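Below is one structure; the comments refer to it alone.
Proteins come first, then strands; the chains are lettered A, B, ... in the order of their sequence lines, and each starts at number 1. Keep in mind the model is a prediction, meaning the values are calculated, not measured.
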Protein chains: 2
Amino acid sequence: MAQVKPMRADARRNYERLLKAAAEAFAEHGENASLDDIAKRAGVGSGTLYRHFPTRQALLEATYVDRIEALGERADEIAKELSPGEALVEWLYEVCVRTTEVRGLKSLLGSAVTDGSRVELTACATHMKAAAERLVGAAQEEGTLRRDVEPIDVLRLAHGVATASELAKGGGSHVRRYLSLLTEGLRPG
Amino acid sequence: MAQVKPMRADARRNYERLLKAAAEAFAEHGENASLDDIAKRAGVGSGTLYRHFPTRQALLEATYVDRIEALGERADEIAKELSPGEALVEWLYEVCVRTTEVRGLKSLLGSAVTDGSRVELTACATHMKAAAERLVGAAQEEGTLRRDVEPIDVLRLAHGVATASELAKGGGSHVRRYLSLLTEGLRPG
DNA sequence: ACCTGAACACCGTTCAAGT
DNA sequence: ACCTGAACACCGTTCAAGT
């Protein structure tokens, strides 16, 4: 079941060109980059784009799926180096940094943790939730994370922290601080 | 300086019709409601909409300025009833609830706390920042709020909490919990 | 089986003409 | 001084025709 129908040579070439063009366009113009422009950059008709990627979300996911997978792997690497509580925070930090750095990734990660959207079962959502579950579970067993939060809550709040950081001029420079305000709380230590 | 040039009767009528139509349209279709549709609902030409409101942000602000002012007044009412620390949290709660309830309000409140946008000097941003300053200052003097946060940080983080809550199905029902996770922190109490 | 690109609908924005 | 609405540019989406 690993191997689905192999694509026709021209179809595969167009698919890859579209992904490359999409990555460029999203980087330049954000998640709302013109789909028509992406097709043009790739040198294909607009219908071809729709054949391969029926929705904008599908194109976004295909464009960034490797980055999402990398975040999932980072969760395990970090878990080996740090204590569970520190690992969770460090991973959330990296998630937030990617969210603010890579234009277009934000809406994808957002819909991955949104209730009700059909997109929930996508690879992206699956990877993120699995990674969060591992780290959250370990931190709770260690006793450094409240037991009344679910992995999905943590992912949503991290998305909120990334959103808050984006409102500041130096975007990324606020991530660490805003994240620690979330973990430590707003009350004085 | 209170009284600027009085508007011509037809101009004032169109202005009010546009605001009414805008409130309806934003409520129905969110902050990206079609401007053309708003002009049509109001029974005016599209050029008239642009004359009164040169940008979508300007129309959003005019539509919701009364709600923003109400939030500013709520800050003072709450401050009379609760201790400074409790008052800040309760006000932030109301801000988050409005943000998630009133479609279109979110982008307005977001741009009010965004660095660099020219919109910073608008009435909306001024009201929100003034209210936050009063509550944050009082809570810090009381000793129930960290001294290393600025009012703008608190407003941005509240915006993040509202964003996180919106990702959950029951939107509003998560606001209280997510907000308390921010104030208390993710570490066990 | 897949691709192309014209065609359609929709939207934002401007501006000449009108009162 | 203000309004109208046609005109233009742009974008998303579909689909008949082509290979």
Contacts of A/Leu35 and B/His52 projected onto DNA chain D by closest heavy atom; the upstream (5') one is B/His52
In this structure, CZ of A/Arg56 is separated from OG1 of A/Thr63 (nearest 0.5 Å) by 10.5 Å
Looking at A/Arg177, I'd like to know if its CZ atom is crowded, meaning that more than 12 non-hydrogen atoms belonging to other residues, nucleotides or ligands lie closer than 6.0 Å. yes
For DNA chain D, the expected dot-bracket line (Watson-Crick or G-U under 3.5 Å, [ ] crossing, | inter-strand) is ||.|||||...|||||.||
When rounded to the nearest 0.5 Å, the distance separating CD of B/Glu69 from NE2 of B/His127 is 4.5 Å
Min and max contacting nt of DNA chain C in 5' to 3' order, chain A heavy atoms within under 4.0 angstrom, are C/dA1 to C/dA6
Ordered by number, residues from residues 38-51 of chain B within less than 4.0 Å of DNA chain C (heavy atoms) are B/Ser46, B/Gly47, B/Tyr50
Contacts of A/Asp10 meeting side chain to side chain contact (heavy atoms under 4.5 Å, CB included) (sequence neighbours excluded), chain-then-number -> A/Arg8, A/Arg13
Is there a donor-acceptor pair closer than 3.5 Å between any side-chain N or O of A/Trp91 and the backbone N or O of A/Ala132? no
- Using atom types as modelled and distance alone, determine if a side-chain donor or acceptor of B/Asp153 lies under 3.5 Å from a backbone N or O of B/Glu150. yes
Exam field: side chain B/Arg176 to backbone B/Tyr93, donor-acceptor pair closer than 3.5 Å = no
Less than 3.5 Å apart, which donor and acceptor atoms pair up between the side chains of residues 42-54 of chain B and the rest of the protein, not counting sequence neighbours?
none

In numerical order, the residues of residues 10-20 of chain B whose heavy atoms come under 4.0 Å of DNA chain D are B/Asp10, B/Ala11, B/Asn14
Answer yes or no: is there a donor N or O on one side and an acceptor on the other, between the side chain of A/Arg156 and the main chain of A/Val113, under 3.5 Å?
yes
Output for pair (B/Thr99 OG1, B/Glu101 CD), nearest 0.5 Å, gives 9.5 Å
Donor-acceptor pair, side chain of A/Glu94 and main chain of A/Ala75, under 3.5 angstrom:
no
Flag, side chain of A/Glu133 to backbone of A/Pro151, donor-acceptor distance under 3.5 Å: no
